Colleague: 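This structure is in structure tokens; I'll ask about it shortly.
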Protein chains: 2
Amino acid sequence: MKTEIRSHCPISYTLDLLGDKWSLLILRDILFKSKNSYQDFLDSEERIATNILASRLKKLVEQDFLIKKRNPNNKKQFFYFAAPKAIELIPALTEFIIWGAKFDQHTAVPKDFLLKMETDKLQFVEHTQAQQKSLLNSNDSYSD
Amino acid sequence: MKTEIRSHCPISYTLDLLGDKWSLLILRDILFKSKNSYQDFLDSEERIATNILASRLKKLVEQDFLIKKRNPNNKKQFFYFAAPKAIELIPALTEFIIWGAKFDQHTAVPKDFLLKMETDKLQFVEHTQAQQKSLLNSNDSYSD
DNA sequence: AACCTTTACTTGTTTTTTGCAAGTAAAAAC
DNA sequence: GTTTTTACTTGCAAAAAACAAGTAAAGGTT
């Protein structure tokens with residue numbers, strides 16, 4: 001899978017890597033919902049197709065957004081962890097959360113949660129990033 | 001054009017509205033590059049096709065991201081202005097700029113500009129938003 | 001040891017979206 | 001009155017996504 005880069009405008013570049021229907025939703029599952037396996041992603045309510053999921057995971061690993069590791073307790077299962085390139089997307093995705101919650105009349109985000117998130121935005125971002133970094137480090141020893 | 005909403009997760013919702021290959025690039029042109037007309041958008045280096053541009057502009061107007069107005073000095077030309085729903089995307093797009101500039105080895109963004117943007121992020125965001133709001137207001141009197 | 005389940009995919013086909021080339025139509029300029 | 005500008009539309013080809021089904025290996029169950 002080759003990703004065509006339309007230009008070196010930073011917004012365009014980001015969209016070329018991640019601006020399809022599913023890549024950012026997989027990253028959302030990992031970064032904000034503690035999901036890590038193929039089956040976890042399949043179970044998400046947006047219902048990604050198996051072939052699309054497989055091809056997106058492959059691309060995200062190839063492009064260093066995700067790191068794929070065997071579950072040491074179950075040789076047939078793999079876990080996907082956020083690499084630094086993905087962890088650095090947390091500020092942008094946080095702004096998407098704020099925007100989406102503000103303009104979706106039927107948003108799943110509770111009002112008080114949103115309010116807290118907006119006032120303590122930096123804290124929320126840094127806390128989420130620290131969480132992902134420690135997850136990544138704690139599994140450093142695993143193979144694959 | 002009907003937009004299917006996959007879920008009311010705010011990230012998913014945002015992507016359902018804007019997560020195609022071109023919508024956010026049109027908004028970038030308006031929000032960050034002072035572009036406002038059909039011809040301006042066609043001239044962008046990413047080379048959108050005319051039919052796609054027309055259909056995206058229609059959708060963005062229908063969904064209240066953009067306001068379409070006649071050029072009062074040239075009856076055949078239209079201008080597209082960012083509505084509040086688009087102006088509120090500036091924080092998210094700013095994070096995309098920062099991310100894209102950081103991870104694209106060949107980014108068009110100069111290092112010192114990026115550094116200034118990161119340290120004075122809030123100021124950059126608010127300045128860009130204020131600019132767009134005044135543009136919108138100053139054209140309030142135009143018809144269409 | 002044989003069978004069933006879990007897990008992570010792949011394959012083949014249909015549908016939807018995008019891309020490309022050309023054409024239209026009305027206002028404006030010359 | 002002819003050409004140019006501006007904003008599109010149309011028709012067809014190519015690419016991407018969606019859907020349904022199948023594969024294959026590891027693990028668990030009897």
Side-chain angles (χ1 to χ4, degrees), chain A residues 1-7 12 15-26 29-30 35-63 66-81 142-144, chain B residues 1-7 12 15-26 29-30 35-63 66-81 142-144:
Chain A
M1 178 173 308
K2 80 160 154 282
T3 300
E4 294 260 319
I5 302 296
R6 287 171 289 181
S7 85
S12 172
L15 291 173
D16 287 341
L17 298 189
L18 298 165
D20 66 283
K21 237 179 130 171
W22 295 104
S23 297
L24 286 172
L25 284 192
I26 295 169
D29 280 353
I30 295 174
K35 297 194 176 193
N36 291 96
S37 74
Y38 189 90
Q39 208 45 244
D40 285 346
F41 307 137
L42 276 189
D43 291 342
S44 284
E45 66 176 318
E46 292 87 5
R47 319 265 82 213
I48 189 173
T50 57
N51 56 344
I52 306 292
L53 176 56
S55 91
R56 286 307 171 279
L57 286 172
K58 185 161 178 264
K59 190 197 69 180
L60 290 170
V61 168
E62 280 171 8
Q63 298 185 341
L66 299 182
I67 294 172
K68 181 179 185 174
K69 298 188 175 183
R70 269 179 206 289
N71 175 353
N73 305 315
N74 180 344
K75 297 283 176 81
K76 76 185 167 201
Q77 190 173 42
F78 296 96
F79 288 139
Y80 295 88
F81 296 101
Y142 298 176
S143 56
D144 257 295
Chain B
M1 178 173 309
K2 81 162 151 280
T3 300
E4 294 259 320
I5 302 297
R6 288 172 291 180
S7 84
S12 171
L15 291 172
D16 287 340
L17 299 189
L18 297 166
D20 67 282
K21 236 178 130 171
W22 295 104
S23 297
L24 285 173
L25 284 192
I26 296 169
D29 280 353
I30 295 173
K35 298 194 175 194
N36 291 96
S37 73
Y38 188 90
Q39 209 44 245
D40 285 346
F41 307 136
L42 276 188
D43 292 342
S44 284
E45 66 176 319
E46 292 89 3
R47 319 261 82 212
I48 190 172
T50 57
N51 56 343
I52 305 291
L53 176 56
S55 92
R56 287 307 170 279
L57 287 172
K58 185 161 177 261
K59 189 198 70 178
L60 290 169
V61 169
E62 279 170 8
Q63 298 183 342
L66 300 181
I67 294 172
K68 182 179 185 174
K69 298 187 176 184
R70 269 180 205 290
N71 175 350
N73 305 316
N74 181 345
K75 295 285 174 83
K76 78 186 165 198
Q77 189 174 43
F78 296 96
F79 288 140
Y80 295 87
F81 296 101
Y142 296 177
S143 55
D144 256 298

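Lettering follows sequence order; numbering is per chain, from 1. Predicted model only: the values in this text are computed from it and were never measured.
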Colleague: C:dA29 C1' sits how many Å from B:N71 CG, rounded?
Modeller: 15 Å
Colleague: Side chain of A:K21 only, please: which of C:dT18, D:dA17, D:dC8 is the nearest?
Modeller: D:dA17
Colleague: Among all residues two or more places apart in sequence or in another chain, which pass the side-chain contact (heavy atoms from CB on, under 4.5 Å) test with B:N74?
Modeller: B:N71, B:K76, B:Q77
Colleague: Mind checking the CG-CG spacing from A:L25 to B:L15? Nearest 0.5 Å is all I need.
Modeller: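 One gets 5.5 Å once the value is rounded to the nearest 0.5 Å.
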Colleague: Enter the distance from A:I67:CD1 to A:Y80:OH here, rounded to the nearest 0.5 Å.
Modeller: 12.5 Å
Colleague: Output the distance between atom NZ (B:K69) and atom CZ (B:F78), rounded to the nearest 0.5 Å.
Modeller: 13.5 Å
Colleague: Return the minimal non-hydrogen interatomic distance between B:L18 and B:L24, and the atom names on each side.
Modeller: O-CG, 3.8 Å
Colleague: Just the rounded figure in Å: distance from C1' of C:dG19 to CD of A:E4.
Modeller: 12 Å
Colleague: Applying side chain to side chain donor-acceptor pair (under 3.5 Å), can you list everything that pairs with A:D16, at least two apart in sequence or on another chain?
Modeller: A:R6
Colleague: Nearest-Å distance, CZ (B:F78) to C1' (C:dA25)?
Modeller: 13 Å
Colleague: Stem list for DNA chain D, please, built from Watson-Crick and G-U wobble pairs under 3.5 Å and keeping only runs of at least 3.
Modeller: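 So far as stems of 3 or more pairs are concerned, DNA chain D shows C:1-30 with D:1-30.
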Colleague: To the nearest Å, how far apart are A:F79 CZ and C:dT6 C1'?
Modeller: 13 Å
Colleague: Choose from D:dC8, C:dA8, C:dT18 the nucleotide whose nearest atom is closest to any side-chain atom of A:Q77.
Modeller: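 Nearest to the side-chain atoms of A:Q77, counting from C-beta on, is C:dA8.
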Colleague: Using a strict heavy-atom distance below 4.0 Å, which residues from residues 52-62 of chain B are in contact with DNA chain D?
Modeller: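 Correct list: B:A54.
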Colleague: Can you name the residues that form a side chain to side chain donor-acceptor pair (under 3.5 Å) with A:N36, not counting sequence neighbours?
Modeller: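 Applying side chain to side chain donor-acceptor pair (under 3.5 Å) to A:N36 gives none.
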Colleague: Under a 4.0 Å heavy-atom cut-off, which of residues 35-46 of chain B touch DNA chain D?
Modeller: B:Y38, B:Q39
Colleague: Quick one: which residue pairs count as a salt bridge (Lys or Arg N to Asp or Glu O under 4.0 Å) with a foot in residues 36-51 of chain A, not counting sequence neighbours?
Modeller: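 Residue pairs passing salt bridge (Lys or Arg N to Asp or Glu O under 4.0 Å), neighbours aside: A:R28-A:E46.
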Colleague: Which heavy atom of B:D29 sits nearest to which heavy atom of B:S44, and what is that distance?
Modeller: OD2-OG, 2.7 Å
Colleague: So, B:K59 side chain and B:L17 main chain: donor-acceptor pair closer than 3.5 Å or not?
Modeller: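 Confirmed, B:K59 side chain pairs with B:L17 backbone.
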Colleague: Quick one: list whatever passes side chain to side chain donor-acceptor pair (under 3.5 Å) with A:K21, sequence neighbours left out.
Modeller: none
Colleague: May I ask you to verify if any side-chain N or O of A:W22 is less than 4.0 angstrom from the OP1 or OP2 atom of D:dA16?
Modeller: no
Colleague: Can you list, pair by pair, the side-chain donor-acceptor contacts under 3.5 Å of residues 49-57 of chain A, counting residues two or more places apart and other chains?
Modeller:
unit_1 : atom_1 : unit_2 : atom_2 : d
A:S55  : OG     : A:I52  : O      : 3.3
A:R56  : NE     : A:D20  : OD2    : 2.8

Colleague: So if I define the base as every atom that isn't primed, P, OP1 or OP2, how would nucleotides 19-30 of chain D read as a B/S/- string at a heavy-atom cutoff under 4.0 Å?
Modeller: B-B----BS---
Colleague: For A:K58, which residues count as a salt bridge (charged side-chain N to carboxylate O under 4.0 Å, His left out) partner, sequence neighbours excluded?
Modeller: A:E62
